[in-house]
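In the text below, chain A, chain B and the rest are named by the order of the sequence lines, each starting its count at 1.
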2 protein chains.
Amino acid sequence: MARAGLTTERLVRAGAELADEVGFDQVTVSALARRFDVKAASLYSHLRNSQDLKTRIALLALAELADRAALALAGRAGKDALAAFADVYRDYAREHPGRYAAARFRLDPETAAAGAGVRHAQMTRAILRGYDLAEPDQTHAVRLLGSVFHGYVSLELSGGFDHSAPDSDTSWARVVDALDALLRNWPAP
Amino acid sequence: MARAGLTTERLVRAGAELADEVGFDQVTVSALARRFDVKAASLYSHLRNSQDLKTRIALLALAELADRAALALAGRAGKDALAAFADVYRDYAREHPGRYAAARFRLDPETAAAGAGVRHAQMTRAILRGYDLAEPDQTHAVRLLGSVFHGYVSLELSGGFDHSAPDSDTSWARVVDALDALLRNWPAP
DNA sequence: GGCATTTGCCTACACCCTTTAGGTAGCCGC
DNA sequence: GCGGCTACCTAAAGGGTGTAGGCAAATGCC
C-alpha cells in the first residue's frame, strides 16, 4: 500500500491550484483526493473538514497577496505606490482567480486577525503617507481604496467589462489616475 | 394528496427569501422543497435544475434593484442622484444580503442581457449627466462608480468595517462626498 | 536486525443534495 | 361523473461530507 506523502501543507497548496483551475467553490475534499489518487476519507487526517480546507486556502492567498504588495510598495511613494499596489491586486486576481476568490472567503474574526489581514490594512494605510490626509479621512480613504480595488477586480473577473470599449486595461489606468487626483484633492467635510 | 400550489414564480420568490435568511449559496432545491413541505423531486417540474433556480433568483434581484434605483433617480440630478443611487445599492444589500449575493451570481451573457443588466448600466450613466464628462472618461467613471458601490457593499457585508471606528455610515457618506468631488474634478489624461 | 509503536491510508457506512423515471391522485372541462 | 391533464409522489442512482475502525508501512528502540 504505497503512501502518497500527504501533508496539510501540500493539500492546501494543491487546493489553491485546484481553485485557480476550477473555481474556489468547486474545491471539494473529494476533488482534492482524486488529484492525489487517494480516497477522500484519507484527507481527514490532515484537514478537519471542508471548511478547514477552504479557510487554509484563504489564508494562503491572503499571505501571498500581502507578500506581493509589500514587495511592490517597497521604495515607492505617492502615485507610484498607489499604482503598484493596485496592480498587485489586479494581477494577482487575474493570475489566480481561485485564490483571489478564496481571499474573499468569509473568515471568523480571530482567524482573520491571525492571518495576513492586518498587513493588508497597514499597507493600504502606508500608501496614504504620500498624501496629506488626517484622520478620520484617512480611514475613509482606506475604505474607498479597498472598495475600488476589490470592486473593480471582482467585476472584471466576472466578465463585466469584457465586451465593451474601452478595454479594461485603459479603464484601470484611468481609475488609478482618478484615485490619485482624488487623494490629492480630498474634499473637506 | 393535498396540493401545495407550486409555481415557478412562487418558488423563485421563496428561494429569494431563503437566500436572505441563510445565504445565497445555502439555497438548495432540497431546502426549498422542505419549505413547501414537498419532496425535492417535485420541484423539477417547475425548475430545470439547481442552477436554473439560482439564475432566476439572480434575475429577480437584479430587477428589484433596478426598480428601486429607477425610483430613486427620478427627479434627482448631480450629487443628489449619486447619493440616492448609492444608497439604493447599499440599503438593498443590507436588507436583502442573499438577494444581493444572487445579483452577483455569474450569468451567461444572453441571460444577463435579457434581464435587467442593461437598465443598471443605463442608470449609472444617467447619474453622470449631472457632471461634465465626455467619452471615454464617462465609461471609466461608470466603471469606477460600479466598482466602489459593489466593493464597499461587499466588504461591508463580509464584516470588514465592523469593529473599527469610524462607523460604516459615516465612511459611506464621506465616500459619496469624495466621489462627487472626483466627478466634478475629473483629471485630464 | 527484530520488535513495538506510530501514523498514513484504507474500507465501510451513514447522511444529505441533485436529478431522472415512472406512477398515482386531485382537479377541470365536458 | 368521467377522461385527461397536471401536480406531486416514490424509487433509485450518483456524488460530496464526515466518522469509525482496520491494516500495513515507516519509525524508533534495543
Side-chain angles (χ1 to χ4, degrees), chain A residues 1-60 97-99 101-102 105-108 111, chain B residues 1-60 97-99 101-102 105-108 111:
Chain A
M1 208 165 276
R3 298 197 171 197
L6 305 183
T7 65
T8 304
E9 169 85 16
R10 285 189 66 199
L11 287 173
V12 172
R13 271 220 290 275
E17 282 162 31
L18 186 58
D20 287 335
E21 290 165 27
V22 303
F24 182 58
D25 38 38
Q26 305 303 315
V27 173
T28 66
V29 175
S30 302
L32 195 53
R34 267 193 297 273
R35 177 157 295 217
F36 282 92
D37 210 24
V38 139
K39 298 295 171 185
S42 305
L43 303 199
Y44 286 86
S45 336
H46 305 281
L47 304 167
R48 266 208 313 289
N49 51 36
S50 175
Q51 165 92 2
D52 181 41
L53 170 61
K54 289 184 177 171
T55 301
R56 286 173 190 274
I57 295 174
L59 291 173
L60 171 70
R99 284 161 151 95
F105 185 62
R106 180 156 194 159
L107 302 173
D108 46 307
T111 313
Chain B
M1 207 165 277
R3 299 199 169 195
L6 304 183
T7 64
T8 304
E9 170 83 17
R10 286 189 67 199
L11 287 173
V12 172
R13 271 220 289 276
E17 282 162 31
L18 186 58
D20 287 335
E21 290 164 28
V22 304
F24 183 58
D25 38 37
Q26 306 302 315
V27 173
T28 65
V29 174
S30 301
L32 195 54
R34 268 192 298 273
R35 177 156 295 215
F36 283 92
D37 211 24
V38 139
K39 298 295 172 187
S42 305
L43 303 199
Y44 285 84
S45 335
H46 306 281
L47 304 167
R48 267 208 314 287
N49 51 37
S50 175
Q51 164 93 359
D52 182 40
L53 170 62
K54 290 185 176 171
T55 301
R56 286 173 190 274
I57 296 175
L59 290 174
L60 172 69
R99 284 161 152 95
F105 185 61
R106 180 156 196 161
L107 303 173
D108 46 307
T111 312

Under 3.5 Å, which donor-acceptor pairs do the side chains of residues 38-50 of chain A form with other protein atoms, sequence neighbours left out?
{"from": "A:S42", "atom 1": "OG", "to": "A:K39", "atom 2": "O", "distance (Å)": "3.2"}
{"from": "A:S45", "atom 1": "OG", "to": "A:S42", "atom 2": "O", "distance (Å)": "3.1"}
{"from": "A:N49", "atom 1": "OD1", "to": "A:Q51", "atom 2": "N", "distance (Å)": "3.2"}
{"from": "A:N49", "atom 1": "OD1", "to": "A:D52", "atom 2": "N", "distance (Å)": "2.8"}

- Message: Can you list everything that forms a side chain to side chain donor-acceptor pair (under 3.5 Å) with A:D37? Sequence neighbours excluded, please.
- Response: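 A:D37: no side chain to side chain donor-acceptor pair (under 3.5 Å) contacts found.
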
- Report the residues that fulfil side chain to side chain donor-acceptor pair (under 3.5 Å) with A:R106, sequence neighbours left out, ordered by chain and then residue number.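 Per chain and number, A:R106 pairs via side chain to side chain donor-acceptor pair (under 3.5 Å) with no residue.
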
Rounded distance (Å) that lies between atom [atom2] of [N] and atom [atom1] of [X]:
X     : N      : atom1 : atom2 : answer
A:H46 : D:dT19 : NE2   : P     : 15 Å
A:Y44 : D:dG16 : OH    : P     : 11 Å
A:N49 : C:dC15 : CG    : C1'   : 16 Å
A:L43 : D:dT19 : CG    : P     : 13 Å
A:D52 : D:dT17 : CG    : P     : 13 Å
B:R48 : C:dT19 : CZ    : C1'   : 14 Å

- Query: Reckon B:S42 has a side-chain N or O less than 4.0 Å from the OP1 or OP2 of D:dA7?
  - Reply: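 For D:dA7, neither OP1 nor OP2 has a side-chain N or O of B:S42 closer than 4.0 Å.
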
Kindly give the heavy-atom pair with the smallest separation between [X] and [Y], and that separation in Å.
X     : Y      : value
A:L53 : A:L11  : CD1-O, 4.4 Å
A:F24 : A:A102 : CE1-CB, 3.4 Å
A:P97 : A:D20  : N-OD1, 3.5 Å
B:G15 : B:I57  : C-CD1, 3.6 Å

- Start with the C-alpha distance between A:T55 and A:L107, add both sets of side-chain angles, then the distance that settles side chain to side chain contact (heavy atoms under 4.5 Å, CB included), and finish with yes or no. CA-CA 7 Å; A:T55 301; A:L107 302 173; 3.7 Å; yes

- Task: Kindly state which residues belonging to residues 24-40 of chain B come within less than 4.0 angstrom of DNA chain D, counting heavy atoms of the residue only, listed by number.
- Result: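 Heavy-atom contacts with DNA chain D come from B:V38, B:K39.
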
- Message: Can you pull out the residues from residues 9-20 of chain B that lie within a 4.0 Å heavy-atom distance of DNA chain D?
- Response: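 Here the set is empty: none.
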
- Residue pairs passing the side chain to side chain donor-acceptor pair (under 3.5 Å) test where at least one lies in residues 22-36 of chain A, sequence neighbours excluded: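 Qualifying pairs: A:E21-A:R35.
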
- Query: Of the candidate nucleotides C:dT18, C:dC9, D:dG18, which contains the atom at the shortest distance from the side chain of B:S50?
  - Reply: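 Between C:dT18, C:dC9, D:dG18, the one nearest the side chain of B:S50 would be C:dT18.
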
